[in-house]
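Please read the structure below before turning to the comments.
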There are 2 protein chains.
Amino acid sequence: MNSAELVDLGQQLRVDSVRASAAAGSGHPTSSMSAADLMAVLLAHHFHYDPDRPAHPGNDRFVLSKGHASPLMYAAFKAAGLIDDAELLTFRALGSALEGHPTPRRLPWVETATGSLGQGLPVGVGIALAGARLDRTGYRVWVLCGDSELAEGSVWEAAEQAAYEHLDNLTAIVDVNRLGQRGPTRHGHDLDAYARRFAAFGWHTVEVDGHDVDAIDRACAEARSTKGQPTVILARTLKGKGVASVEDREGLHGKPLKDADEAVAELGGRRDHRIRLQEPPDVRMLHAVRTGDYELPAWDLGEEVPTRDAYGKALTALGTGRGDVVALDGEVGDSTRAELFAKEHPDRYFECYIAEQQMVAAAVGLASRGWVPYAATFAAFLTRAHDFVRMASISGSGINLVGSHAGVAIGQDGPSQMGLEDLAMMRAVHGSTVLYPCDANQTARLVATMAGLDGIRYLRTSRGKTPVLYPPDEEFPVGGSKVLRSSGADRLTLVAAGVTVHEALDAAELLEREGIAARVIDLYSVKPVDRTALRRAAEETGCLITVEDHREEGGLGDAVLDAFTDGRPVPRLVRLAVRTMPGSASPDEQLHAAGIDAESIAVAARLLVAEAIVP
Amino acid sequence: MNSAELVDLGQQLRVDSVRASAAAGSGHPTSSMSAADLMAVLLAHHFHYDPDRPAHPGNDRFVLSKGHASPLMYAAFKAAGLIDDAELLTFRALGSALEGHPTPRRLPWVETATGSLGQGLPVGVGIALAGARLDRTGYRVWVLCGDSELAEGSVWEAAEQAAYEHLDNLTAIVDVNRLGQRGPTRHGHDLDAYARRFAAFGWHTVEVDGHDVDAIDRACAEARSTKGQPTVILARTLKGKGVASVEDREGLHGKPLKDADEAVAELGGRRDHRIRLQEPPDVRMLHAVRTGDYELPAWDLGEEVPTRDAYGKALTALGTGRGDVVALDGEVGDSTRAELFAKEHPDRYFECYIAEQQMVAAAVGLASRGWVPYAATFAAFLTRAHDFVRMASISGSGINLVGSHAGVAIGQDGPSQMGLEDLAMMRAVHGSTVLYPCDANQTARLVATMAGLDGIRYLRTSRGKTPVLYPPDEEFPVGGSKVLRSSGADRLTLVAAGVTVHEALDAAELLEREGIAARVIDLYSVKPVDRTALRRAAEETGCLITVEDHREEGGLGDAVLDAFTDGRPVPRLVRLAVRTMPGSASPDEQLHAAGIDAESIAVAARLLVAEAIVP
């Protein structure tokens, strides 16, 4: 397209953004209008993509980090022929794939869900890592950011990783329209302020007038030819550009234009330019992803092994068998044991340093390109990435997250290092799977199983050693459980997972000496939960005690309730969990102080069986 | 102290760090040894603090952002006379105040809990904001950071806010020892790399040899005399400095020295220097914090008002009555309605832009100086600050968090903007209070009540209008509930909060027409929960239906169970919650699609009363 046509295409995108928002009665047309020329030039001249083959290995990838500018994205992809005008006008309606903020669930050309600001660039870095280090098919990643979102620290985690990894296949385009939701940004139109920051982090920077199509064109070309570092194009724009009543004005964020017809007229009326996207190169994946036999590590019954060790060893073995498995670390690989994978498969290991948001975002990006990521850090520090996990579930992303150092059982390091809220966090994520093994063989099996699941999968591992309870060939289906101890005379059931399984077994031993038979269930699959086994235990033993090294809210106790919320009779329940704020102490002292060791379980069991209400 | 004495003091701090870790059998001596000279010079020459009066308004504040270097901090405060040698050697033992990572719960000179990296500087910015904008007693804030933790985005959120607010009372000292936990950092000893980044963000930077006491001394003096911008002192150091077997070596993070006696000898043996801290200036708070009468806003029964509007108006009124109330915004003040406070009390309003981690950290810092912060953003985006909320609870910090736009009821904007996991997240925080009002008068009362509570207090508000159910003078005690509808013949109880209260009332109306009497409980206090009312409802009506605009895990349904986990008989239960992934749709369509509208509640109620198991 020549310059005049590009200018006209920009106007078309504005018109369609205004129309879609008007049809919806809501949306963000002014945030779309500022970036319309950027989008027009990018798609018409620089974006290589085969619309008929969204999975083409040579396709460039586009991420709309400022997800609220979805009208612009939909308008652009209408111009590219991916949707028609009728679909455009379903924007934000019940059942429409064109949601208020883009999600990839029904739009194959959307790479990741956005709408929580500061996440698009981090995920884009993950895709660019896949492109540069794994896929190597030459695709580029283009991320359109807002200026407001540069206040999010996650953007700078991404900036750091992108430069450190020399991701010259990544370009960020920042729509500096100077206005956030509630008013001016910190830096307004001071493009230099942003350029200084990106340059300091190691990026190539270009400043342009974001409404000058030729300047944008040159900037995109410069980004494509820059080697060894990522490029940021900082574009000075006006929010609401093109319609005088809204241009560069405060107080209009997220509001449709008052008179859409008038605005469309002011923008020159409807047009119907069709963008011919550049063809992707004729490439195949340069390397075959090998999937072959592998042998999981195995341990003998009774051996004392930390489940985190089993994680590292099992993942390494899995990586040998499956060439699509990759590992990510938050600078604690010696603790999570991810470092074992690094030694064996350095090409598929991504060191993300202490930047948990970026670690999870990179996993999402890698998963979007078909890789099977395992990202591990302390369970406590996964809370740092909660919003990224939440958004990953909206994307329908398939990622494995592993949280080590669960619970008070870590001992002396104290509460800052203890994962005590992770089960609640991960269970509340839509479509998640939450696994919590108690021994090494179980861990190894679950690590392998996770790879084949959908959605967010979470594995909780422990710091200290626990004895091996299961033979290496035992199967652990997701949604299952194991009855570790039972008799025909069980008077109650102890439901445990992870370290508390061992405490529950000891408690059952103590109780048996007093003539109280207790069933013990290892609920390694915290979500989904084994409703059948729990219901049977309720029917046969009448009452349940749940024991967890986690806060009492949202964890194992809550999971057990899932079996009884359909109106059926509910067994009597006691929930043992960490109710105090721990300090430093040995692991045994911690379990005792929290009231989740064998002795505490036995006390609760005696009271429950005697039908004495526990105070 | 002269230079030789400062050098010797540094050695003493190393010796005591080694001894404390040896006594504990765990800890981080090498991370302490790198920063010992920095700490020695800072405390001996530049830190103004009255050890007998930790609350002195003129005291400087020190934050150990690299919290794992706690042995150094304890060694330093032993040298300053705050603890004795016997207490130093209780490090990490059960019951000791000297935990593995410092917490302020039992140490008045610890300002905030650290140990999750990248949080000390953000909280330090909050304290410095209090000093510069509110307290104005001239104190300085000194934050000792590690180099590894500069990878956390939260550090750059803090850097941005500190420079933007011209916090020249803030100094960050970075112990650049080039080694993280598992190996070298990204930038090693390249001090310039860090200096470029901080300078780009608007900081004054100083680079020094972190083992040259005179250079450190000059750098601290330069920081104190720098006006208009914060200063970062980038100090080149060696991890394990002073003991050849561990100095600058990998693989020794978080490990006591193998032979502590030998190391102490190599360091020159035990010493007993006593630091005389500089006296704080003789100041009082320059402004009295006014607490007087104020009138909460009031609405008439039946008026349709969003609870977020009630939040903004009530907080503004509270701020008029209480001069210690401050408000923080994450650049969505027009949505949360915090902007109403800004108009009335601009001096006590802190715009944090789109940086939720920094917003919560600033609240923690402000609270540590006695202010009563209310920090608000969308409930969904508070997940971004989950780790900061977790750490705030470890600090015992008293902060108010407000999450607006809860649930699917927001409508068209789609799932990225919907708070659907916030109740689970906030309930699992130790010692938290979780409140979820359903009308404007209730909201106003709860906003005022929150100010007087301990710990983390969370208020969940809604985007859309709901009718006022309660008169303005109704009381809403924390831990209470309201029975909105009941009769002597209730056959079940509907337990709801927020928007679902109104759906439950409508459902009860539908059911009554069919001859099914239903009790309706407004469970506005989600944590703590009203056990008495729930138990009475269970006894009198036999079964409960919980209805929440939230994921089914960890929210209202789980909260209700709190009343029944002491072994008593549990009522039959049905839990209605958001089980699908919403798209865009109108609020009513969303509630219906999620199965939490009046019609869905009535369907479940009929089945439950008929004792037909709900599928």
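Chain letters run A, B, ... following the sequence lines, proteins first and then strands; every chain starts at 1.
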Name the option with the most non-hydrogen atom pairs under 4.5 Å to chain B; the candidates are [options].
options	answer
A:S393, A:A428, A:G183	A:A428
A:S116, A:G330, A:A424, A:G414	A:S116
A:E152, A:R551, A:H101	A:E152
A:L150, A:V570, A:I354	A:I354
A:R105, A:H68, A:H550, A:E552	A:R105
A:F564, A:F198, A:F201, A:W156	A:F201

Top contributor to chain A contacts, counting heavy-atom pairs under 4.5 Å, from B:R196, B:K527, B:R186: B:R186

Could you check if a side-chain atom of [X] sits within less than 4.5 angstrom of a side-chain atom of [Y], using non-hydrogen atoms only?
X	Y	answer
B:F388	A:R384	yes
B:L94	A:Q412	no
B:R572	A:T565	no

Approximate separation, where rounding is to 0.5 Å, of [X] [atom1] and [Y] [atom2]:
X	Y	atom1	atom2	result
A:E356	B:L117	CD	CG	8.5 Å
A:D562	B:E553	CG	CD	6.5 Å
B:H187	A:Y353	NE2	OH	9.0 Å
B:I394	A:Q417	CD1	CD	8.5 Å
B:S154	A:E157	OG	CD	7.0 Å
A:L561	B:L561	CG	CG	5.0 Å

Using heavy-atom distances under 4.5 Å, tell me whether [X] contacts chain A through its side chain, its backbone, both, or neither.
X	answer
B:M418	backbone
B:H28	side chain
B:S586	neither
B:Q161	both
B:Q358	neither
B:A380	both

Start with the C-alpha gap between B:R575 and A:D558, add the side-chain angles, then the distance that decides, and say whether salt bridge (charged side-chain N to carboxylate O under 4.0 Å, His left out) holds. CA-CA 12 Å; B:R575 187 154 71 175; A:D558 186 28; 2.9 Å; yes

Only one of A:H386, A:E421, A:R390 clears side chain to side chain donor-acceptor pair (under 3.5 Å) with B:H386; which? A:H386

Main chain of B:A93, side chain of A:S584: is a donor-acceptor contact present, judged purely on distance under 3.5 Å? no

Residue list, ring-ring contact (aromatic ring centres under 6.0 Å, His included) with B:F381, at least two apart or on another chain: B:F378

Of the backbone (N, CA, C, O) and the side chain (C-beta and beyond), which part of [X] lies under 4.5 Å from a heavy atom of chain B, both, or neither?
X	value
A:S70	neither
A:M426	neither
A:S96	neither
A:T546	neither
A:Q357	side chain
A:P122	neither

Taking only residues two or more places apart in sequence or in another chain, which ones pass salt bridge (charged side-chain N to carboxylate O under 4.0 Å, His left out) with B:R182? A:E331, A:E351

Check each of A:E99, A:H430, A:M391 against B:P415 using the side chain to side chain contact (heavy atoms under 4.5 Å, CB included) test, and report the only one that passes. A:E99

